[in-house]
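Keep in mind that the numbers below use all heavy atoms, side chains included, and drop hydrogens, waters and symmetry copies. In what follows, every chain begins at residue 1, and chains take the letters A, B, ... in the order their sequences are listed.
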Amino acid sequence: MDEFKTPLLDELEKGDWPSFVSEIKKAAKTSPGAADLLRQLELSYKEKVGHWKHGGIVGVRGYGGGVVGRYSDVPEEFPHVREFHTARVNQVAGFFYTAEKLRQLADVWDKYGSGLYNMHGSTGDIILLGTTTENLQPCVDELSDIGFDLGGSGGAMRTLSCCVGKARCEKACIDSTDIIRDLTMHYQDVIHRPQWPYKFKIKVSACPNDCAAASARSDLAVMGVWRDALRIDQEAVREYIAKGFKINEQVVNKCPTEALSWDAEKQELNVCTEECTRCMHCINVMPKAISIGKETGATLLIGGKVPVVKGPMIGWVLVPFMKMEPPYTELKDLVDKITDWWADNAKNRERVGELIERVGLANFLEVIGLKPVPQMVKAPRHNPYIFWNPEEVEKRG
Amino acid sequence: MDEFKTPLLDELEKGDWPSFVSEIKKAAKTSPGAADLLRQLELSYKEKVGHWKHGGIVGVRGYGGGVVGRYSDVPEEFPHVREFHTARVNQVAGFFYTAEKLRQLADVWDKYGSGLYNMHGSTGDIILLGTTTENLQPCVDELSDIGFDLGGSGGAMRTLSCCVGKARCEKACIDSTDIIRDLTMHYQDVIHRPQWPYKFKIKVSACPNDCAAASARSDLAVMGVWRDALRIDQEAVREYIAKGFKINEQVVNKCPTEALSWDAEKQELNVCTEECTRCMHCINVMPKAISIGKETGATLLIGGKVPVVKGPMIGWVLVPFMKMEPPYTELKDLVDKITDWWADNAKNRERVGELIERVGLANFLEVIGLKPVPQMVKAPRHNPYIFWNPEEVEKRG
Amino acid sequence: MARTDFGPPDFREMLPPVIKENYGQWKYHTVPRPGVLKHVSYSGAVLHSVRVASPRLVSSDFIRDISDIAEKYCDGFLRFTTRNNVEFLVSDEAKLQPLIDELDAKDYLIGGVGLSISNIVHTQGWIHCKSAVTDASGISKNIMEDLKDYFTGKIKVPSRLRIAVACCVNMCGACHCSDISIVGIHRTIPRVNDELASKICEIPTTIAACPTGAIRPNPKAKSVTINSEKCMMCGNCTAVCPAIKIMDPVNDGVSIWVGGKLSNSRKAPMFSKLAIPFIPNNPPYWPEVTDAVRHLVEVWASHAREGERMGEWIERIGWERFFKLTDLPFTNKHIDDFTHATTTFRSSTQFKF
Amino acid sequence: MARTDFGPPDFREMLPPVIKENYGQWKYHTVPRPGVLKHVSYSGAVLHSVRVASPRLVSSDFIRDISDIAEKYCDGFLRFTTRNNVEFLVSDEAKLQPLIDELDAKDYLIGGVGLSISNIVHTQGWIHCKSAVTDASGISKNIMEDLKDYFTGKIKVPSRLRIAVACCVNMCGACHCSDISIVGIHRTIPRVNDELASKICEIPTTIAACPTGAIRPNPKAKSVTINSEKCMMCGNCTAVCPAIKIMDPVNDGVSIWVGGKLSNSRKAPMFSKLAIPFIPNNPPYWPEVTDAVRHLVEVWASHAREGERMGEWIERIGWERFFKLTDLPFTNKHIDDFTHATTTFRSSTQFKF
Amino acid sequence: MSMVEINGQQIEIDEDGFIVDPAVWNEGLVSYFAKQEEVPELTEDHWKVINYLRQYFKQFGIAPMIRKLCKDTGFTLKEIYELFPSGPAKGACKLAGLPKPTGCV
Amino acid sequence: MSMVEINGQQIEIDEDGFIVDPAVWNEGLVSYFAKQEEVPELTEDHWKVINYLRQYFKQFGIAPMIRKLCKDTGFTLKEIYELFPSGPAKGACKLAGLPKPTGCV
Ligand code: SRM
Ligand code: SRM
Ligand code: SRM
Ligand code: SRM
Ligand code: SF4
Ligand code: SF4
Ligand code: SF4
Ligand code: SF4
Ligand code: SF4
Ligand code: SF4
Ligand code: SF4
Ligand code: SF4
């Protein structure tokens, strides 16, 4: 530790917000990899440029992904990060752990890696940050002994993740953790052995608050919803009022569909169920008084992704409502249909949303056998370039 | 008239709404062209298909446009519409006429043409509907004697048109008829001698109500606006209230920017000028009490057009505010800059909006020398594909 | 050589004195009765405008008749509106009622002002355009015949409603921003006459004319070929190449679009969106079209709030509700697949069941 | 061969008994103090969750320390949030205060709940990604250091505010929908090493990788060339072809985006939009970035209405007002020029001066 | 379409007076079309324009846009109208035997 | 990058063990890479995949997508993994001397 100086990074140990530099330093006490990481990072801070090489295809037996290879471009200076691969370890659904499990993990990783982690990666994995090619296989072998398997990378189904859901949230319309658990087990092969043109991500948020950020970050977002009336506990409403809660200002007037009305006389909050679009606002603001409906299921959104190549996309409604009951056969069938079609038709590195954009949503619906419904669009087309199939028209006279 | 039967069309003489069939029949009394037009139309009604041929390049001396050539594809059956060209005659700004002028027009047209008109064409012209190649030049010559000149067609500046404006409208922020008159005279050459890649349309609406439908139908829409406060006559407001007008429901709550407030105590309607976006709603609903501001000028919108080829466009804000005073030099300079650049860069049949879409609005602004302002966009970009000029960055270290 | 470039008559010479004197001085207007506007100037001067329906396609007789009327009651002054109605400009209030009486007597329909359905903006149709897929005049006559009580003010509407008819997707009527629009469309792809094309087709222009890139050169035949998978039957290629034909009386017809607007009142201008992809041409009455339009008007009129244009109403209730209330089928045709299609997809769980 | 395809540990084995028993039975929650959630079940059972900040990049020491704490106060049960905070799951209310005390003693920051600014979602940066244009961890640390009072609840905000940092436009942090996001960008075009490319470049893949079609084959050199007029410096080509390099320490830096959101609460999800096109990398403090973020937060916090997310606020007041209030320059960079650019242009006279 | 005899040759022309098959064009036809388009006398300047149009069409398969025509021939648009009173599209192209223009020239 | 000697030939390989210049690949190198990738014995099936990959790359300039590989060779993905335990991208492509894949295979 004292053989090197990191004056720039040391600055980032100051202050109250927990410091990643301090964390690296802690790891560096026993891990030469962590120590060289810090040194190399100091160089980056000085030069304002990263020091990792392009590429890195390393892996473990029987899997085609789960590891991101990494090599320093200044290995002579920092030999312990010459190889510094990360393993993407599939997290526990809902990010729940026991102290025991975490300690087991730390023990394995201290043995084979840098002792550094991302808890968690943006996709959801536990990122074990930095090890050598040599150590990879034994590390993964020992992880398997404590019950941890790798997640996805490459042209695979990526590690699935979800919000905390029914485990701790009153708004959960669907059992996000169970769905993720079930799908993860079901899709082990396509998670571990990339066989698709590009990544495919699934995330589950158990209600439209989307605490898993599913609609922006997953090719298929599963979002819990209900289709009956939201439930209002009038007694509880009155308690809010009694405490000075301004129901008109804070709730009624902010309902985007004007579905709510406050009957000051009867001291009753009424909802017009037909109008309500389940935006969650009233439920969020009055959790004690208003809750989700009983007839629950999911809205599926397709195509969420970040900018590369065709620009950013937020998932589009594909299925307005699907019941979500184990073993989630309907969902799996749909996922299979989508991924089959996509895998057969996509270009290399083309996300499913981009493919749909290319061939048209209506064509996509036809091949996967879904009926067009207005819920899928914000508005119908405004250009007159309508395509007609020869079968739809009469033979020319 | 009695040598032919038009049973299908005769149906359309029934009822109270004025019938174009009756009009054609009236003309047919003296015009064989009108008679054959009716017969050919009856055939179209029977066969459900038009009977005009492709193309038609006819014209008059010294002009490259102003006439749309038309030939029947069944000339043997209907010889009097073998040639049936229309002349686009530049209308009077604001569509004002005297009975005398109209009669002069009818006299000329009865002499040389079918005695049928469109009052007016969608662009704004008087359409003289149907004459022969031979009659064209003498017809136009005599029109010129009564002071009517041709309008535009082809790759030209098209006939300009406008709303009634200051002549009869209390909302007029700019002198639409004068602007159109002035521009029309100024641009005679480019109106009459197509020299551009495609059509270029200018329309003027003297306020944001856009009664000339300018923003959808003109490459450059000039829309009257003001930039100070709208004017409220509190006395008149109170009169409205006294008559049972629901000011909150009908005005205050419908103001899209929440710029209005009704002070029930003081019986005063207040506007927050900074917030008002001149949507016209309150002015439209309470014409006696609320009127436009005093510091008037125009917002210019660029690129309006219908679907072909790149999809429909509604003009985009190009200049948030421009003073409009004769001789409208600033406006003309801008039009010249735009059409020059467009003519030099557009592909054949590429509208200016399509060219801007192709090269980018920011690039367009740069060449015509306008500063980017947020008023031009609904929102800034959301994709990270920002272009940087080499001059904007430092030399690579 | 004839006189050129002298432009149209100066509008100033066409204005009645009351307008000249009060030009730019109008203070407010009222609608004393359906179809009549009363403009009051800051000077106190008053102008009445009486608006009557016109078929737009008119004869010299019509021109002379309105001229006569104008002379009788308006010192010869009249104008047309941007929606092709005729306006008689009455300076002398005493002549207002007599004018109205004569108009009534002569079966002119007075209306189209304020909360009404005004005249249809329409295009040439089979009357004069080579591209016409339908007859704009015929359809317009039928619709307005059916809706005339909305024009004359007998039946009120929540707000103005603008109808436009265009006989092909060139949309000379600017249907892309109307409350209701009817647009002629094709449903089969164009046929190329290779022989003719080899002579007269400006191939690069034709290729560039295709919005979907469906046209490829066919060097062998010195012509072009059309990819039937990509062609959206817009007909634009037929506009630039006479050797390409698209007319198909069996399958041509019209589509109906709703919810467009242009005024900036409350909401910004909006495009019209597809409501009914196809209705066959059925002259002379086009009854399915007329029915559909009436139905749209009625559903809107009975559900919209005061002052709410068609598009504002639909935006408030949502398209899923619109299709439910109108009982129109939502099909694959309604889903956009052109350039900006993805911007029309719903990225939200906010919808109604 | 090692055991494969057995998946992660079952979450059910990681749940405290109170959760198992009340799974799906939670009735409501309250926030008894900043950083603490109290969930109440229909059965009456109560669970307290205490949320603490984490740097996300943590050491085994950290893992062991939170494990120790969890064991002491939570029967060993804890979880991480989707924004990488740590949550201690307290079943025994009696242990709540002692837990909080120990966390305070150990300098853990409690917060991030409710009306607060929670942890930043960020990406690898120079720590581990070959594509990193900046260091995500460094920037995040600086920002949160500056905004920590908003995390702990000392300063309140009108509504939640989400910040994300991504070290390149791949946006692994999903910056495209955050209230504020910081994204690493390049400003010079990539250089192609033709020699290397001729060996290892999968040319068709590289060409397809370019969003703007700026890459053309260079058959002579068996390589590719980049059209400097079209290249938008996204770096995607460098991801597929190791022979193309784009890093440029002199001109690389970050951009700032605002107004995105994902919840469907009130308004549908929205993209973040460009606020500041470029700020140079200035490690270790990136003071310009931190200042800009604080400034954005403060302007929003002082102008937005209760419950109004950044994007909702901006939509209400309009972007022209946003640029005025924040005093940020609006430049040609802000005007979209990618595929759907025209859909972002303003087709209306409705704007503020 | 109809047939006209020009210099003893049977030439098919369309309603607008353009030759239907540009391939049959030859210099001998020009004076016939010149008369149609009220060009009193064919000068060198006329031929400059005609030859330019033919050359351009041969090379690109389309007629040039008018600006291009002016720039490349050095004539102002006014001069073109003086040479061809019915303008470049109807006049000059007809003389040059180009397919009937659909937008440009 | 580093040099290894294979069958007496000096071959440059990158950190991931891929040959840097696919042009120097020859069949003699395959068994060396096979050892690296834990392929115990090179069977006809291995060669079928290797030859397919080389052929495809020669023709299209890219590695095939995995579905294509499976479809065209007739092997299931499971069989590919049995042949090449480190998978098609890391294993098969390395043996076939393809540039390091960046997404597909
Ligand atoms: C580790 C992680 C960031 C983090 O710090 O959390 C990450 C890191 C990388 N991402 Fe990512 N992505 C990570 C989540 C994401 C997400 C967020 C998500 O999944 O929710 C996204 C946006 C959502 C999406 O997929 O659209 C994301 C969009 C990308 C892209 C963008 C384009 C695309 O359409 O895929 C790339 C580019 C690529 O694949 O070539 C990319 C590529 C990469 C690579 C593999 C780039 C590379 O080739 O070096 C990065 C490896 C970094 C490294 O050295 O470890 N990463 N990446 C995240 C994965 C951890 C995990 O498994 O949990
Ligand atoms: C007569 C008129 C329709 C009418 O009945 O009112 C008309 C008629 C034709 N239009 Fe139009 N357009 C007419 C106003 C419009 C408008 C409305 C406007 O100008 O406000 C538009 C939409 C606005 C716009 O320009 O974007 C319009 C968009 C088109 C287009 C579409 C595409 C484009 O980008 O230009 C074409 C196609 C073309 O030019 O090849 C077109 C082409 C045509 C042609 C010339 C088609 C043809 O080659 O035969 C039509 C000739 C019909 C005929 O036989 O007389 N017309 N055209 C209008 C002109 C009358 C006038 O001068 O006042
Ligand atoms: C006469 C005319 C202008 C002209 O130069 O000819 C005109 C004149 C007036 N318009 Fe208009 N508008 C005229 C076409 C338009 C158009 C263009 C069109 O329809 O193609 C529009 C835009 C249509 C759209 O938005 O799609 C138009 C949008 C308005 C509006 C905004 C309505 C709205 O709420 O969206 C108003 C305000 C109002 O109605 O209160 C308005 C108001 C007026 C007022 C009341 C202005 C005034 O104070 O004098 C005028 C009396 C109108 C009436 O009919 O009640 N005028 N007005 C046009 C009559 C057409 C007709 O015969 O029906
Ligand atoms: C713990 C966590 C889920 C998890 O599985 O880990 C979670 C949990 C809750 N969220 Fe969330 N949200 C969590 C990430 C998110 C995200 C995703 C993100 O930030 O990346 C979103 C979407 C963000 C966006 O819109 O951009 C999210 C949007 C919401 C909203 C909607 C806020 C809004 O008005 O837009 C609510 C409702 C509310 O705040 O009243 C909400 C409400 C809640 C409630 C109150 C639900 C409940 O009744 O238990 C939970 C307590 C949250 C709190 O912090 O006050 N949660 N929540 C995540 C905590 C992250 C953190 O450490 O800060
Ligand atoms: S998405 Fe809904 S159910 Fe899931 S944690 Fe957030 S609020 Fe709860
Ligand atoms: S959930 Fe949203 S839309 Fe439904 S009633 Fe509540 S606030 Fe209104
Ligand atoms: S656009 Fe405005 S000024 Fe012109 S007529 Fe309409 S309301 Fe009057
Ligand atoms: S013009 Fe429109 S925005 Fe302005 S105050 Fe009136 S209603 Fe509000
Ligand atoms: S809409 Fe089409 S068919 Fe109708 S006039 Fe215009 S170009 Fe002709
Ligand atoms: S009809 Fe339209 S889409 Fe079809 S080939 Fe012609 S131009 Fe292209
Ligand atoms: S955002 Fe870019 S630089 Fe950062 S981890 Fe993702 S791919 Fe790497
Ligand atoms: S940096 Fe991006 S835009 Fe530039 S050439 Fe590479 S892929 Fe294309």
Report task. Would you check if the distance from the ring center of A/Y97 to the ring center of D/F80 is below 6.0 Å? Result -> yes

Requested in this report: Verify whether the ring centers belonging to D/W126 and A/H51 lie closer than 6.0 Å.
Outcome: no

**Report entry** Charged tip of D/R79 within 45° of A/F96 ring normal and under 6.0 Å
**Finding:** yes

**Report entry** Under 4.5 Å from any heavy atom of chain D - which part of A/D16
**Finding:**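 Its backbone and side chain both get close to chain D.
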
Query raised in the report: Relative to chain D, which segment of A/M223 carries a heavy atom at a distance below 4.5 Å: side chain, backbone, both, or neither?
Result: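 For A/M223, the side chain is the part near chain D, not the backbone.
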
Report task. Check whether any side-chain N or O of D/S67 sits under 3.5 Å from a backbone N or O of A/L102 as a donor-acceptor pair, and report yes or no. Result ->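 Pair absent, no side-chain N/O of D/S67 close to backbone of A/L102.
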
Requested in this report: Check whether any side-chain N or O of D/H29 sits under 3.5 Å from a backbone N or O of A/E170 as a donor-acceptor pair, and report yes or no.
Outcome: no

Residue part contacting chain A, namely of [X], when any heavy atom lies under 4.5 Å:
X      : answer
D/F271 : both
D/L78  : both
D/C210 : backbone

Report task. Check whether any side-chain heavy atom of D/K267 sits under 4.5 Å from a side-chain heavy atom of A/P256, and report yes or no. Result -> no

**Report entry** Close side-chain approach of D/E13 and A/K101, heavy atoms under 4.5 Å
**Finding:**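 D/E13 vs A/K101: side chains apart.
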
Query raised in the report: Which heavy atom of D/F6 sits nearest a heavy atom of A/M185, and at what distance?
Result: O-CE, 2.9 Å

Query raised in the report: What are the two closest heavy atoms between A/N118 and D/L57, and how far apart are they?
Result: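 Scanning both residues, the minimum pair turns out to be ND2-CA, 3.6 Å.
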
**Report entry** Pairwise salt bridge (Lys or Arg N to Asp or Glu O under 4.0 Å) hits with a residue in residues 121-144 of chain D, at least two apart
**Finding:** D/K141-D/E145

**Report entry** Among D/H122, D/M171, D/H176, D/M247, residue most engaged with chain A (heavy-atom pairs, under 4.5 Å)
**Finding:** D/H176

Report task. For each of D/D61, D/T134, D/I127, tally heavy-atom pairs with chain A at distances under 4.5 Å, and name the one with the top tally. Result ->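 Top count of heavy-atom pairs under 4.5 Å with chain A: D/I127.
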
Report task. Quick one: sort the A/W17 and D/F151 rings into parallel, tilted or perpendicular, breaks at 30° and 60°. Result -> perpendicular

Query - Derivation of the salt bridge (charged side-chain N to carboxylate O under 4.0 Å, His left out) call for A/R181 and D/D10 - result: CA-CA 7 Å; A/R181 165 82 190 151; D/D10 192 332; 3.7 Å; yes

